[in-house]
Each structure stands twice: as C-alpha cells, then as structure tokens.
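The structure appears right after this line, and notes come after that.
Just so it is clear, the structure is predicted and the values come from calculations on it, not from any experiment.
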There are 2 protein chains.
Amino acid sequence: MTHCHTTIQSLRRQGFRITPQREMIIETLTQSNAHLSAEEIHKRIKPRSKTINLATVYRTLDLLVEQGHATRLIGKEGKFLYATRQHSRHLHLVCRKCGRAYAASYDGLQPFLEQLKSTYGFQVEAEHVTLYGLCPHCIHPPNQ
Amino acid sequence: MTHCHTTIQSLRRQGFRITPQREMIIETLTQSNAHLSAEEIHKRIKPRSKTINLATVYRTLDLLVEQGHATRLIGKEGKFLYATRQHSRHLHLVCRKCGRAYAASYDGLQPFLEQLKSTYGFQVEAEHVTLYGLCPHCIHPPNQ
DNA sequence: TCTGTTACTGCAAGAAATCGCAATAAAATA
DNA sequence: TATTTTATTGCGATTTCTTGCAGTAACAGA
Ligand SMILES: [Mn+2]
Ligand SMILES: [Mn+2]
Ligand SMILES: [Zn+2]
Ligand SMILES: [Zn+2]
C-alpha cells in the first residue's frame, strides 16, 4: 500500500470524491519528497491533463492540509509550499533576517508536546514545525 | 521610554530613516495589543495621513519583522497578521481542521530552545510561535 | 542652515491566492 | 446499466500581497 493510496482511501472514507485531478495532485506531491508550490504542482500535471486549473490545485491542497495529509509552510520567497506528511520528520529553523532555512531534529520537542496535550487537550502535529529566529550568521549584539 | 520609541531608536541606529509613515505604523501596531492586518493598519492611519499607501504599510511591516520588532502570523481567515513583540508572550495552537486558535503558555518550551541554540547555534524567537494540530473538539479516531 | 546623497514613498502594474457560479461528473441507488 | 444527487471543476473576477520606477524627503556633512 503506497502512501498515495492510503491518502486516497482515507479521503474516500471521509466521503470526499476522488477525481482524476485530485489523484494527480496527490501523486505529484507524494512522489516528490520535497516542498512544492501550487504553481509547480500545476506545471507538472499540465502535460498530462491540459485543462487542470490552478484553483483546483489550491483547493485540493487546502483539503489535504485540512485532512492532515499534507502540511503548508512559507517558503524562502514568501510563497506557500506544500509537502506530504510522509516527508521525513524535521523542524524548519528559519532566520527572520537572512531567510536561511535549517532542518533540525525535533526529538527534544516531544516532552513539551505531551505537556501541551495534557494541559490543553491539543494534539500538536510536529512533523513540519517552522520556528523563526536568528541563524548563527545573523546573531549579533542585541538591537538594544 | 515607550516600546514605540525603543523601536524607532533601534531602527535609527541601524541606519533606517524614520518617516512619518513609519512612525504612524509603529504607533498603530504598538498601541493595539492585538494582531492587525496590513489593511487594518492602513485603514486606521488613513484619517490622519490621506496619502499613505498600502504598499508602504506592507514594506514597513516587512522591515519590522526582519529587524525583530514584530512577528507575522497567518490569521484564521488566511490573511497575514502582525503584532509587536511586546505583545504578551504565548504560543498559538491552531487547529488544522476547524481553524480554532488557542493561546498557550510556552514555558515548557525553553529547554528545547536552549538545546537548539547549543546544537545549531540558532536562536529561536519564541514569543509568537504557531503550532498546528488538532484541537480537543476535532480529535477523533485516526483517519485510517 | 543649506546641500547632496540615496533610502523611502506613492502609484500603477504584476503575481499569488481565493471565491462565485454554472456546467460537469463521482458515486450511491435502483 | 441507467438515474439521481450533489460535490467538484473550470473559468473569470476579486482580493491580497509584491515589485519597478520616478519623484520626494530624511539626515549626514559642510
Ligand atoms: Mn520540510
Ligand atoms: Mn499572539
Ligand atoms: Zn540569518
Ligand atoms: Zn478543531
């Protein structure tokens, strides 16, 4: 059972309809183990499906995020990017000054997430957390 | 010394020019201890400065975030919101399903942030972290 | 205070993301 | 398989955010 099929079956079980467009979007996002923009996904599908519309891509990505099959983050250039949740687990450390992005282990985060769960009943999904701050290159005497 | 003046002096020290537009934007954001959209800030300033342009508001907000005086987050309705960093410290727990947002203490997060600092040399600014997941209302047997 | 440099602004154009609506097609049912 | 229901699509319009550029004004230096 591929990750792609798992997603499709889960959506079907929730009562969503599986259209060729949705299949192609899920397939594209799953097969590329990277962060893709809606535009990029659209561009990759176009050769196979001439009429697929960018709005459909956005709407499907919204659905995937809402249903927990994908995560949305803000890329270096300010555009939204999407990734499946099978995308290997890590944190993104993004420098607010230079925009550099570092991948970091989230191992030490677990105790805190469990604390949030017991305190608020909120189940954080930590596969793809983005934290902002200053990278080693940009740390300098505080702005006072 | 108000928070507003601290920001202005810090910017001046970094070599940025202090224009009336920038002063009004900083003042507006500081005095409202809330999350404001660029549009909302613009609307509030317009009566006092007829010609102020929305692009200037966006550019100033970018500057404030880059310089660490403000944080940017994605609001319930998908628009970007901004807040000063004097805005009381808390985490945002946002439900990916229903969009509900909870304010949470970030106290327990500190040890993990220190770990990130020593491992990666990255100084996370945790005043306004947004974590996504499922809220108590939306947690249900896994989609499986 | 006056002058020169150039960062900043307003404006208009452009790009990214969302939305309303009529036509279409997924899938449940007979 | 044919029928019915209604979620989903494509398309165009709209909204949100960004960018290029020429004119303006902040502020450093004389
Ligand atoms: Mn990632
Ligand atoms: Mn907040
Ligand atoms: Zn940096
Ligand atoms: Zn919820």
Side-chain angles (χ1 to χ4, degrees), chain A residues 5 7-26 28-29 35-46 48-67 69-82 99, chain B residues 5 7-26 28-29 35-46 48-67 69-82 99:
Chain A
H5 284 141
T7 299
I8 286 171
Q9 295 211 350
S10 166
L11 289 176
R12 211 190 293 273
R13 196 171 313 109
Q14 301 296 318
F16 298 103
R17 295 181 183 174
I18 304 306
T19 64
Q21 292 89 335
R22 285 182 172 173
E23 278 188 324
M24 285 186 286
I25 292 164
I26 293 167
T28 302
L29 193 61
H35 307 150
L36 298 180
S37 67
E39 187 67 48
E40 176 63 25
I41 293 171
H42 182 244
K43 209 168 71 187
R44 292 190 188 189
I45 293 177
K46 205 129 191 204
R48 279 189 291 155
S49 167
K50 298 230 174 173
T51 68
I52 190 169
N53 194 272
L54 186 56
T56 301
V57 177
Y58 276 109
R59 281 185 289 225
T60 297
L61 290 170
D62 282 350
L63 177 69
L64 293 176
V65 170
E66 190 185 307
Q67 292 299 312
H69 300 293
T71 54
R72 184 173 88 157
L73 57 141
I74 303 176
K76 227 166 183 154
E77 344 67 33
K79 298 205 295 187
F80 287 124
L81 300 178
Y82 300 82
Chain B
H5 284 141
T7 300
I8 286 171
Q9 296 210 348
S10 166
L11 288 177
R12 211 190 294 274
R13 197 173 311 110
Q14 302 294 319
F16 297 103
R17 295 181 184 175
I18 305 306
T19 64
Q21 292 89 335
R22 284 182 173 174
E23 279 189 322
M24 287 186 287
I25 292 163
I26 293 167
T28 303
L29 193 59
H35 307 150
L36 298 180
S37 68
E39 188 67 46
E40 176 64 26
I41 293 172
H42 183 245
K43 209 168 71 188
R44 292 190 188 190
I45 292 177
K46 204 131 193 202
R48 281 189 290 155
S49 168
K50 300 229 173 172
T51 67
I52 191 169
N53 194 273
L54 185 56
T56 301
V57 177
Y58 275 110
R59 280 185 289 224
T60 297
L61 291 170
D62 282 350
L63 177 69
L64 293 176
V65 171
E66 190 184 308
Q67 292 300 311
H69 300 293
T71 53
R72 182 173 89 156
L73 56 142
I74 301 177
K76 226 165 184 157
E77 344 68 32
K79 299 205 294 188
F80 287 123
L81 300 178
Y82 299 82

Which whole-number value in Å describes the distance from [X] [atom1] to [N] [atom2]?
X: A:Glu39; N: C:dA17; atom1: CD; atom2: P; answer: 9 Å
X: B:His42; N: D:dT16; atom1: NE2; atom2: P; answer: 13 Å
X: A:Asn53; N: C:dT18; atom1: CG; atom2: C1'; answer: 12 Å
X: A:Glu23; N: D:dT9; atom1: CD; atom2: P; answer: 12 Å
X: B:Gln14; N: C:dC8; atom1: CD; atom2: P; answer: 12 Å
X: B:Ile74; N: D:dT16; atom1: CD1; atom2: C1'; answer: 13 Å
X: B:Ile8; N: D:dA26; atom1: CD1; atom2: P; answer: 14 Å
X: B:Gln21; N: D:dA25; atom1: CD; atom2: C1'; answer: 10 Å

Could you work out, with salt bridge (Lys or Arg N to Asp or Glu O under 4.0 Å) as the rule, every residue matching B:Arg48, not counting sequence neighbours?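 B:Glu27.
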On the nucleotide [N], are OP1 or OP2 found under 4.0 Å from the side-chain N or O atoms that [X] carries?
X: B:Arg12; N: D:dA26; answer: no
X: A:Arg59; N: D:dT8; answer: no
X: A:Thr51; N: D:dG10; answer: yes
X: B:Tyr58; N: D:dC17; answer: yes

Closest approach of [X] and [Y], non-hydrogen atoms and distance?
X: A:Tyr82; Y: A:Leu29; value: O-CD1, 3.5 Å
X: B:Ala38; Y: B:Val57; value: O-CG1, 3.7 Å
X: B:Leu36; Y: B:Thr28; value: CD1-O, 4.0 Å

Given DNA chain D, 5'-ward residue of the pair A:Ser49 and B:Ser37, judged by closest heavy atom: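 Nearer the 5' end of the strand: A:Ser49.
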For DNA chain D, whose closest nucleotide is more 5', that of A:Gly78 or that of A:Leu63?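 So the residue in question is A:Leu63.
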Can you check salt bridge (Lys or Arg N to Asp or Glu O under 4.0 Å) on A:Glu39 and A:Lys43, steps first, answer last? CA-CA 6 Å; A:Glu39 187 67 48; A:Lys43 209 168 71 187; over 6 Å; no
Go through the N and O atoms of the side chain of A:Arg17 and the base of D:dT6, and report whether any donor-acceptor pair is under 3.5 Å.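 Indeed, a donor on one side and an acceptor on the other fall under 3.5 Å apart.
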Working to the nearest 0.5 Å, report the span between CD1 of A:Ile45 and CD1 of A:Ile52.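 So the CD1 of A:Ile45 and the CD1 of A:Ile52 are separated by 4.5 Å.
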Considering the terminal five base pairs at each end of the helix from C:dT1-D:dA30 to C:dA30-D:dT1, what angle separates the two local helix axes, rounded to 10°?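 For the helix from C:dT1-D:dA30 to C:dA30-D:dT1, the axes at either end differ by 40°.
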Is there a donor-acceptor pair under 3.5 Å between the side chain of B:Arg12 and the backbone N or O of B:Ile18?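 Looks like no, no N/O pair under 3.5 Å.
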